[in-house]
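A short worksheet on the structure shown next.
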Amino acid sequence: MNQALVPRNRSLMRRAVGAQSAVWRADGVLLVAAMALSVIGTLLVWSSTRTWAAGAPTGMVMKHVLNLVIGWVLCGIAALADQRTLRIYAPAVYGVALLGLLAVITPLGSTINGSHSWILLGGGFAVQPSELAKPALILMLCALLAEPAPGTDRPRPLDLLLAMAAAAIAMGLVMLQPDFGTTMVLAVITAASLIFAGLRKRYIVALAAVAGAGAAAVWLFGLLKPYQIARFTAFIDPANDPRGAGYNSTQSLIAIGSGELFGKGLFHGGQTTGRFVPEQHTDFIFTVVGEEFGFLGSVAVVALLGVILLRGLRIARQCEDRFGALVVGGIVCWFAFQTFVNVGMTIGIMPITGVPLPFVSYGGTATFANMIALGLLQAVHIRERAF
């Protein structure tokens with residue numbers, strides 16, 4: 001036997017063993033919850049698109065399955081990343097995300113559903129850079145805020161200013177599209193990162209006041225599009241325009257309420273089959289849950305999302321690396337806020353915004369972003385267990 005090949009074979013075997021041990025160190029409960037939501041989401045996308053999608057009844061669902069396969073591959077790649085490597089390359093990842101946001105506002109960008117947020121790739125595929133900006137901003141903020149000032153556990157003033165500037169640039173570019181829902185998510189990610197990094201309470205209050213003043217200025221100076229204003233007014237009184245701005249809210253409540261306790265059964269929802277609720281495979285997919293799976297099914301979906309959030313909090317609590325803990329905290333707040341807004345707008349406690357339900361809604365770029373974030377949770381967990 002060629003002795004020169006022995007060290008090489010041992011090296012390959014060591015890598016395989018290392019990869020296998022990393023798999024065994026992964027958070028199984030977190031993976032199972034995400035997989036269960038992916039399966040449920042696939043069934044819901046199938047049910048909500050089978051009567052009208054191109055190549056019906058499987059046209060949209062096959063594309064969704066392809067997105068999930070790519071997403072799980074991205075999740076695995078992110079899970080095997082080293083935290084030190086992530087911290088080093090965070091500025092590069094953030095820079096690429098900004099280039100994507102800039103490309104959208106050039107002739108390369110396209111408008112879909114009133115938002116100039118997409119880059120069409122052909123063949124029915126499109127990329128939404130604002131979704132990928134979510135994990136990119138988390139990595140950038142955490143890289144800046146992970147190094148505390150000497151003798152304290154709080155971020156250095158310069159790093160704090162750089163973090164707020166990075167967040168402001170990303171949110172400003174997203175608002176130019178305009179995409180108010182994603183801007184809110186980025187604002188929550190920024191606020192959570194600053195709070196977890198140990199920002200003083202008086203600064204938190206000051207930033208909240210600035211954010212409130214900014215929101216008031218956006219409203220007073222008419223920076224919102226007419227359809228966005230109509231969504232807020234419809235939230236206050238959906239019955240005022242039930243066939244116009246209040247139509248989505250009214251039909252959402254009808255669909256969810258008609259499911260009662262046990263639901264009408266998969267593929268048997270009258271509101272879903274008749275397409276009375278727009279965008280049921282994306283932003284309003286929770287209405288399909290309520291109509292076809294009923295109250296108990298809705299509770300099960302929310303519970304699975306809660307499992308992901310609780311496992312994320314557990315990972316953050318056990319993490320001794322400041323950068324890793326900040327990354328996990330930002331991701332948990334992102335998922336929690338987006339879940340609350342998406343479910344809330346379908347049951348009438350939040351205004352309608354274009355925010356998908358994590359791991360359930362149809363969407364290529366959103367699915368990729370969610371899976372990358374899931375992989376980052378696993379990366380922190382795996383590394384902590386390794387030590």
Side-chain angles (χ1 to χ4, degrees), residues 19 22-42 45 64-83 85-86 90 93 97 128 130-139 141-142 182 185-186 188-189 192-193 285 301-319 321 323-340 342 355-386:
V23 171
W24 286 110
R25 290 198 304 270
D27 190 324
V29 176
L30 183 61
L31 285 177
V32 169
M35 289 179 180
L37 287 171
S38 297
V39 172
I40 293 172
T42 301
V45 170
H64 183 65
V65 170
L66 176 61
N67 291 334
L68 284 174
V69 171
I70 298 173
W72 279 107
V73 171
L74 294 175
C75 175
I77 294 173
L80 295 177
D82 187 274
Q83 294 178 44
T85 303
L86 290 172
V93 174
Q128 189 178 9
S130 57
E131 287 292 338
L132 297 177
K134 297 172 184 177
L137 180 60
I138 288 176
L139 291 176
L141 293 177
C142 296
T182 302
V185 176
L186 295 179
V188 168
I189 288 173
S193 300
I285 200 165
V301 170
V302 173
L304 287 171
L305 288 164
V307 169
I308 291 178
L309 300 180
L310 290 175
R311 299 303 290 189
L313 291 175
R314 182 175 180 269
I315 294 171
R317 187 177 66 249
Q318 295 177 346
C319 184
D321 176 70
F323 173 77
L326 289 175
V327 168
V328 173
I331 292 173
V332 169
C333 289
W334 159 19
F335 286 165
F337 178 75
Q338 201 158 305
T339 298
F340 175 76
N342 181 276
V355 176
L357 187 62
F359 302 102
V360 181
S361 292
Y362 173 88
T365 317
T367 299
F368 302 158
N370 293 335
M371 291 303 182
I372 290 172
L374 180 67
L376 293 176
L377 293 179
Q378 293 288 2
V380 175
H381 179 72
I382 290 170
R383 182 165 177 79
E384 289 300 314
R385 289 196 64 184

Next on the checklist: side chain to side chain contact (heavy atoms under 4.5 Å, CB included) for Leu305 and Leu357? Distances and angles first, verdict last.
Outcome noted: CA-CA 10 Å; Leu305 288 164; Leu357 187 62; 3.8 Å; yes
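- Rounded to the nearest 0.5 Å, atoms CG (Leu37) and OG1 (Thr42) are 10.5 Å apart.
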Checklist entry - Run the side chain to side chain contact (heavy atoms under 4.5 Å, CB included) check on Phe323 and Leu139 step by step: do they pass? => result CA-CA 9 Å; Phe323 173 77; Leu139 291 176; 4.2 Å; yes
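- Atom CG of Leu132 and atom CD1 of Ile372 lie 6.0 Å apart (nearest 0.5 Å).
- Here salt bridge (charged side-chain N to carboxylate O under 4.0 Å, His left out) pairs that include residues 301-315, with residues two or more places apart or in two chains, are Asp27-Arg311.
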Next on the checklist: Using side chain to side chain contact (heavy atoms under 4.5 Å, CB included), reason through Val380 and Asp321 one step at a time and then give a plain yes or no.
Outcome noted: CA-CA 9 Å; Val380 175; Asp321 176 70; over 6 Å; no
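- In this structure, Tyr362 OH and His64 NE2 are separated by 8.5 Å, a value rounded to the nearest 0.5 Å.
- The shortest side-chain heavy-atom distance between Val360 and Asn342 does not fall under the 4.5 Å cut-off.
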Kindly list each side-chain donor-acceptor pair under 3.5 angstrom involving residues 327-340, sequence neighbours excluded, with atom names and distances?
residue : atom : partner : partner atom : Å
Trp334  : NE1  : Gln338  : OE1          : 3.1
Gln338  : OE1  : Lys134  : NZ           : 2.9
Gln338  : NE2  : Pro356  : O            : 3.1
Thr339  : OG1  : Phe335  : O            : 2.8

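- Here the CG atom belonging to Asn67 is positioned 11.5 Å from the CG atom belonging to Asn370, to the nearest 0.5 angstrom.
- For Ala33 against Val307, the heavy-atom pair with the smallest separation is CB-CG1, 3.9 Å.
- Within the 4.5 Å cutoff, the side chain of Met371 has heavy atoms near those of the Ser38 side chain.
- Rounding to the nearest 0.5 Å gives a distance of 12.0 Å between CG of Leu313 and CD1 of Ile308.
- With rounding to the nearest 0.5 Å, the separation of SG in Cys75 from CD1 in Ile70 is 14.0 Å.
- Partners of Ser130 under the side-chain contact (heavy atoms from CB on, under 4.5 Å) rule, at least two apart in sequence or in another chain, are Leu101, Gln128, Val174, Gln177, Asp179, Thr182.
- In this structure, the side chains of Leu304 and Ile40 come closer than 4.5 Å at one or more pairs of heavy atoms.
- Pairing each heavy atom of Ala97 with each of Ala133, the nearest pair is CB-CA, 4.2 Å.
- When all heavy atoms are compared, the tightest approach of Ala316 to Ala325 is O-CB, 4.1 Å.
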